[in-house]
**Student:** 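Right, I'll just put the structure down here and ask away after.
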Amino acid sequence: MTIRPLLNSLILSKLPHIGTTVFVAMSQLAQQVGAINLGQGFPDFSCDPRLIVAMTEAMQAGHNQYAPMAGILALREAVVENVAALYGHRYETAHEVTITAGATQAIQTALTAIVHAGDEVIIFEPVFDSYEPVIRMNGGMPVYAKLRYPNYRPDWAEVRALITPRTRAIMINSPHNPTATLLSADDMHELANLLRDTQIILISDEVYEHMVFDGVKHESVARYPELVERAFVISSFGKTYHVTGWKIAYCLAPKALMQEFRKTHQFAVFSVHTPSQYAIAAFMQYATHLTLASFYEAKRDYFLAKVAPSRLQWLPSKGSYFVTARYAGIDEYRELDDVTFAAHLTRQHGVACIPLSAFYHDAFDESAVRFCFAKKETTLAEAAERLVKI
Ligand code: GLN
């Protein structure tokens with residue numbers, strides 16, 4: 001009888017305004033009502049069978065104890081070679097690469113390593129939902145720059161105006177979740193101009209780096225030496241190799257930054273699942289990332305062709321495996337907030353999506369929802385058929 005009040009008084013929430021993530025909520029709803037889940041971003045097809053073989057072989061070879069804290073050497077070497085080949089910067093294997101338990105952990109660890117109480121961190125809204133709570137848990141203050149409909153381009157003059165002596169870091173994300181837009185070379189130069197002569201650290205979330213469409217190249221921070229020297233660059237094996245459930249990613253940073261990162265990393269997870277690291281290190285020789293853009297571009301085109309007759313307004317998807325759509329033009333729905341619309345679509349029409357307001361601290365509502373097209377053609381066709389009927 002007395003337990004509840006006691007517990008209530010013991011728990012002073014560090015995140016009083018935060019519930020369970022929208023991705024979990026929408027996946028649960030989809031499951032409950034048997035809807036096709038185009039909400040949470042993950043593939044509904046299997047990974048390359050060679051990767052499963054490599055995982056089995058790693059376990060059978062006895063790679064089942066703790067990996068080195070920073071990750072196994074072979075995987076860090078493979079990452080260094082890949083990044084050097086793609087973007088021209090050669091990170092140091094020993095000191096500048098760390099394997100993490102997913103990109104969300106890498107972001108959490110990078111922020112925890114550098115944010116002090118009272119520090120400000122500039123983030124761009126709409127923004128992936130983990131950034132802001134982690135900044136706050138470290139005593140920091142998120143400062144919001146806006147990416148605005150319809151192009152969702154950063155306004156660098158606006159960003160410049162947000163910089164104060166307390167700005168510790170700025171976070172970028174390209175290809176961007178949820179808007180599927182890209183930072184351009186011009187953006188990267190503007191960013192470099194902005195950061196020059198400051199002490200601001202850059203955190204670059206590049207988990208969709210290999211999903212850049214229409215022949216455009218990914219503007220990794222690793223292409224820009226001036227940015228590299230102040231940056232954490234984060235990418236995801238889970239997304240690149242269709243194994244989001246393996247929860248494995250990596251972080252790159254110059255030695256001094258990585259040293260701080262590892263201090264935090266070792267007490268967060270110590271090290272990451274060993275057989276996955278061996279499996280991915282072995283599998284990387286097939287260089288499947290080189291065909292990932294065309295693989296997902298074909299899925300995007302397939303899905304967008306099928307949904308073209310629908311009454312939703314589809315925004316361009318230039319990268320990532322997401323596409324957003326607006327329903328403001330549909331008379332019977334225009335008055336609905338996006339959370340209600342997403343729930344309605346899931347329950348009544350059997351297609352789950354993510355409301356864009358989940359990516360804004362003030363639940364800003366632009367009558368838009370995000371769909372994930374990392375699905376089999378049969379799934380996309382069935383979902384499209386339902387969407388065309390609304
Ligand atoms: N990155 C994925 C998305 O945006 C979800 C990750 C998660 O569920 N935490 O859908």
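These numbers come from a predicted model, not from an experiment. All values below were derived from every heavy atom in this structure, side-chain atoms included, with hydrogens, water molecules and symmetry-related copies excluded. Note that ligands are numbered from 1 as they come in the structure, with each ligand's atoms numbered from 1 the same way.
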**Student:** With no hydrogens and no angle check, just 3.5 Å: does a side-chain donor-acceptor pair link E219 and Y224?
**Tutor:** yes
**Student:** Please output the residues near ligand 1 using a strict heavy-atom distance under 4.0 Å, listed in chain and residue-number order.
**Tutor:** F23, Q40, G41, F128, N177, Y208, K239, F322, R370
**Student:** Report, one line per pair, each donor and acceptor closer than 3.5 Å where one atom sits in a side chain of residues 300-307; sequence neighbours left out.
**Tutor:**
| residue | atom | partner | partner atom | Å |
| --- | --- | --- | --- | --- |
| R300 | NH1 | D214 | OD2 | 3.1 |
| R300 | NH1 | S317 | O | 2.8 |
| R300 | NH2 | D214 | OD1 | 2.8 |

**Student:** In terms of side-chain heavy atoms, does D44 have a donor or acceptor partner in T379 at a distance below 3.5 Å?
**Tutor:** yes
**Student:** Side chains of E206 and S220: donor-acceptor distance under 3.5 Å anywhere?
**Tutor:** yes
**Student:** Would you please classify the geometry between the Y208 ring and the F322 ring as parallel, tilted or perpendicular, with 30° and 60° separating the classes?
**Tutor:** perpendicular
**Student:** Which label fits H242 and Y296: parallel for a plane angle under 30°, tilted from 30 to 60°, or perpendicular past 60°?
**Tutor:** perpendicular
